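The structure appears right after this line, and notes come after that.
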Amino acid sequence: DDPEQRLRIIDAALRGFEKISPDSDIALQSLFTKPKYKEAAYDSGDDPDPKGQITLNWLLPEAGNVELTLAWSIFAHILIGTPASPLRKALIDSGLGEDLTGVGFESSLRQMMFSTGLRGIQVENAEKIQELILNTLRELAENGIDPDTVASSLNTVEFSLRECNTGALPRGLVLMLMSLDAWLYDRDPITALAFEAPLNVIKQNIAKGNYFESMIRQYLLDNPHRATVLLKPDPQLGQKLAEKERERLEKARKTMSPAELRQIVETTRELKRRQETPDSPEALASIPHLHRSDLEPQIKKIPLEVLPAGDSKVLYHDLFTNGILYLDVGFNLQQLPQESLPYLPIFSQALLETGAAELDFVRLVQRIGKYTGGIHPATFTSAVRNKDENPAWLFLRGKAMLAQSPELLAILRDVLLTARLDNRERIRQMALEAKAEMEAGLVRVGHRVANTRLKARFTLADMAAEEMGGVNQLFFLRKLIERIDNDWQAVQDALESIRAALINQQGMICNVTLDQEGWKSIKGQIDEFIASFPKTSTPAAAWNLTAFPDREGLTLPTQVNFVGKAANLYEHGYHLNGSAQVIVPYLRATWLWEKVRVQGGAYGGFCVFDQQSGALSFLSYRDPNLTQTLDIYDQTVQFLQSIQLDEAELTRAIIGAIGEVDAYQLPDAKGYTLSLIHI
């Protein structure tokens, strides 16, 4: 009956524990006999316009039924997986919040769950949002889900399963981790990997009709195991918690004897001694490790053929892709004036999410999902070592089964030439979502934000990255929302001018990754695709470095810091010879790990070297310190001058460097990476 004990049980159960203690075996669902409503506060600091957040969270059956787990993966994608998903669209269209929140579908815990909601809300609208979610679900259950939405999500999930694109992680490692979700709870670790049979059953059930509609009723509407959580802003919360902590510690201190206080001091000294004592050679030798002889001595070469195509060119990579066409369509951003750069993220998203030709944005998103493995925008900016060049490109990266290549090309042609950049409401929604996502990400990836801003001082390419994805982009988005409301025509004109200047053959490349037999069958289609674009010539625009102060501080409503410091080594006389590639990972694993993380208490401390621009950045992640961390960065020189590496340590450092240089890549990543070198 103790409310705090019940919350502790729920918290532990959601983390996957079967039992809270040896004498406690409480079923999680028994704690929720009817929907719950919970309010909590978060520290909003000095935010002049603090907003709230609401999520609805449903507990689902225990993981283990592979068919149900796979069905829920598809079902969650139907509901909230794309901008056109009915539940997501209803929430965003309501204007009651800025962006979707919640974990979506979670299957890695013993007790599966589904959650969704809105961030950036007015707290007084919480009940409206809860009812909107439930009413939307009722309408879908009663009136049915659009069959094209179901087909789109089914194809998207199936494509992902068959492609098994694990990014930078080796497929074997990812499959092992996937099997652990079941094995952790004494279930067969292989069943989670065998998706073919349950997928066929799901397809049969979809064909019978009312499949996902019945899931809405069973697992959402008629499920009493639901909790609504409302986060309310409190500008005094941090101060209140700090004061409460001080009072608790003072109370505890007063109850301690002098001997107990001395013991705490001695324990602290012992902890510091252990933190500062390096591992012994015997301890280090006990760790399994590679030898230099284990490294592949030959450079791995990625095939490349550069082919002319009208006023453009095609980069072709003959790699086995299991029947999948990977196509990257790129446009040279240096055709744009500098003031257009902040518009690029919204412009590139608008190409895919505002509608095109005769299709509204819902039908366009459905079309992409039904016939491709996905299309997404990506920007690339980089300095070029020893050259006064700063390439900057916008890509639309698409993939599809070879048989669907004509549809992929048709979609790309439509979105590039006929995207509805006059869709004011949809573009406003995208700006709000992007702003909310960036604000949330300031704490999640604050070290990257700091690094982007530091590097923007050195090269035009990094300046462009800051304008399109750094703090300046957040400042721009906040003003853009006001412009959309007050001067929409100027915003639309800016977007249309980007399309007019950017979409042409002269500043265009097509990067194709596919085996030779597949390439022969689609080469003519690629040539026709390129020929459909205008041949207008846009001269390169002049860009200038933005002025930044040498020392800069940005405040966030958080109790931790992200501390960065950077310099351009090339400007200070360093010539690239491979040493930096070994020194940087060594510093991360030793000096910065021990000083910033272990002794300083930060979640992370590391450095990054950009061998193209020469920028060396020192960064910390969720750091309780500030000046102390900066002092550690400054002491790095003395550390490097004083160390004496034995052969074993040097070998570990070299192997670590090779691991970063020769990173694991799947065919799509190999083709894309090589294209960036040749553009």
Side-chain angles (χ1 to χ4, degrees), residues 73-90 92-93 100 140 144-163 165 199 202-203 206-207 212 323-329 331 346-378 394-423 425-427 429-430 433 495 499 503 510 512 522 525-526 528-530 532-533 668:
S73 298
I74 301 168
F75 184 36
H77 193 274
I78 289 171
L79 292 178
I80 61 172
T82 74
S85 296
L87 182 53
R88 181 188 184 106
K89 186 174 184 298
I92 298 300
D93 285 353
L100 218 64
L140 292 171
I145 302 171
D146 186 341
D148 285 337
T149 296
V150 174
S152 175
S153 293
L154 177 62
N155 179 72
T156 298
V157 174
E158 182 175 359
F159 190 102
S160 177
L161 288 170
R162 298 192 185 284
E163 181 191 26
N165 193 323
L199 181 62
I202 292 170
K203 289 180 178 180
I206 292 174
F212 291 114
I324 299 174
L325 164 65
Y326 294 103
L327 175 62
D328 309 307
V329 182
F331 297 92
I346 287 295
F347 170 80
S348 58
Q349 187 180 356
L351 292 177
L352 300 169
E353 296 182 15
T354 58
E358 75 283 359
L359 299 179
D360 62 24
F361 98 88
V362 172
R363 297 301 175 192
L364 175 61
V365 172
Q366 289 173 343
R367 182 185 177 193
I368 293 171
K370 284 173 67 175
Y371 298 109
T372 79
I375 304 171
H376 69 272
L394 169 66
F395 287 93
L396 288 189
R397 305 195 62 198
K399 54 188 174 182
M401 299 306 298
L402 190 58
Q404 298 293 350
S405 58
E407 187 64 26
L408 172 63
L409 292 169
I411 293 171
L412 287 168
R413 183 186 301 110
D414 286 347
V415 299
L416 287 166
L417 295 176
T418 67
R420 297 182 178 178
L421 302 180
D422 60 347
N423 191 337
E425 183 56 33
R426 182 67 195 121
I427 290 173
Q429 290 173 350
M430 291 189 299
E433 291 176 43
L495 295 174
R499 176 159 58 186
I503 311 303
C510 283
V512 179
I522 69 158
Q525 299 176 31
I526 298 293
E528 292 177 5
F529 170 75
I530 293 173
S532 66
F533 290 93
D668 63 316

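Worth saying up front: this structure is predicted, and the values here are computed from it rather than measured.
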inquiry  = Run the side-chain hydrogen bond (donor to acceptor under 3.5 Å, both in side chains) test against Thr82 and tell me which residues pass, sequence neighbours left out.
reply    = Ser85

query = In chain order, what residues pass the side-chain contact (heavy atoms from CB on, under 4.5 Å) check against Asp146, with sequence neighbours excluded?
reply = Asp148, Thr149, Arg363, Gln366

Non-neighbouring partners of Tyr326 that pass ring-ring contact (aromatic ring centres under 6.0 Å, His included), sequence neighbours left out = none

ask   = Step by step, would you call His77 with Thr156 a side chain to side chain contact (heavy atoms under 4.5 Å, CB included)?
value = CA-CA 9 Å; His77 193 274; Thr156 298; 3.7 Å; yes

ask   = Partners of Glu407 by salt bridge (Lys or Arg N to Asp or Glu O under 4.0 Å), sequence neighbours excluded?
value = Arg367

query = Would one find more than 12 heavy atoms of other residues, nucleotides or ligands at under 6.0 Å from atom CZ of Phe361?
reply = yes

request  = Would you check if Arg499 and Leu421 make a side-chain contact, meaning some heavy-atom pair closer than 4.5 Å?
outcome  = yes

key: With sequence neighbours excluded, residues passing side-chain contact (heavy atoms from CB on, under 4.5 Å) with Leu417   = Arg413, Ile503, Phe533, Pro534

Those residues that, when tested against Glu158, pass side-chain hydrogen bond (donor to acceptor under 3.5 Å, both in side chains) (two or more places apart) = Arg162, Lys203

inquiry  = For Ala90, give me all partners under side-chain contact (heavy atoms from CB on, under 4.5 Å), at least two apart in sequence or on another chain.
reply    = Thr136

note = Interatomic distance, CZ@Phe347 vs CG@Leu394, rounded to 0.5 Å, equals 7.0 Å

key: OG on Ser348 to CG on Leu396, rounded to 0.5 Å   = 7.5 Å

ask   = Quick one: salt bridge (charged side-chain N to carboxylate O under 4.0 Å, His left out) pairs with a partner in residues 78-87, sequence neighbours left out?
value = none

message = List the residues meeting side-chain hydrogen bond (donor to acceptor under 3.5 Å, both in side chains) with Thr372, not counting sequence neighbours, and say none if there are none.
response = none

request  = Check whether any side-chain heavy atom of Phe212 lies under 4.5 Å from a side-chain heavy atom of Ile74, and answer yes or no.
outcome  = yes

query = Does Asn155 reach the side chain of Tyr371, with side-chain heavy atoms less than 4.5 Å apart?
reply = no

request  = Report the residues that fulfil salt bridge (Lys or Arg N to Asp or Glu O under 4.0 Å) with Glu163, sequence neighbours left out, ordered by chain and then residue number.
outcome  = Lys399

request  = Find out whether Pro377 and Leu352 are in side-chain contact, i.e. whether some heavy atom of one side chain is under 4.5 Å from a heavy atom of the other.
outcome  = yes

key: Leu327 and Leu409, any side-chain heavy atoms less than 4.5 Å apart   = yes

query = At what distance, to the nearest 0.5 angstrom, does CZ of Phe529 lie from CD1 of Ile522?
reply = 11.0 Å

message = If the condition is salt bridge (Lys or Arg N to Asp or Glu O under 4.0 Å), which residues does Asp668 pass it with, not counting sequence neighbours?
response = none

request  = Kindly state each residue pair satisfying salt bridge (charged side-chain N to carboxylate O under 4.0 Å, His left out) with at least one member in residues 353-362, sequence neighbours excluded.
outcome  = Glu353-Arg426

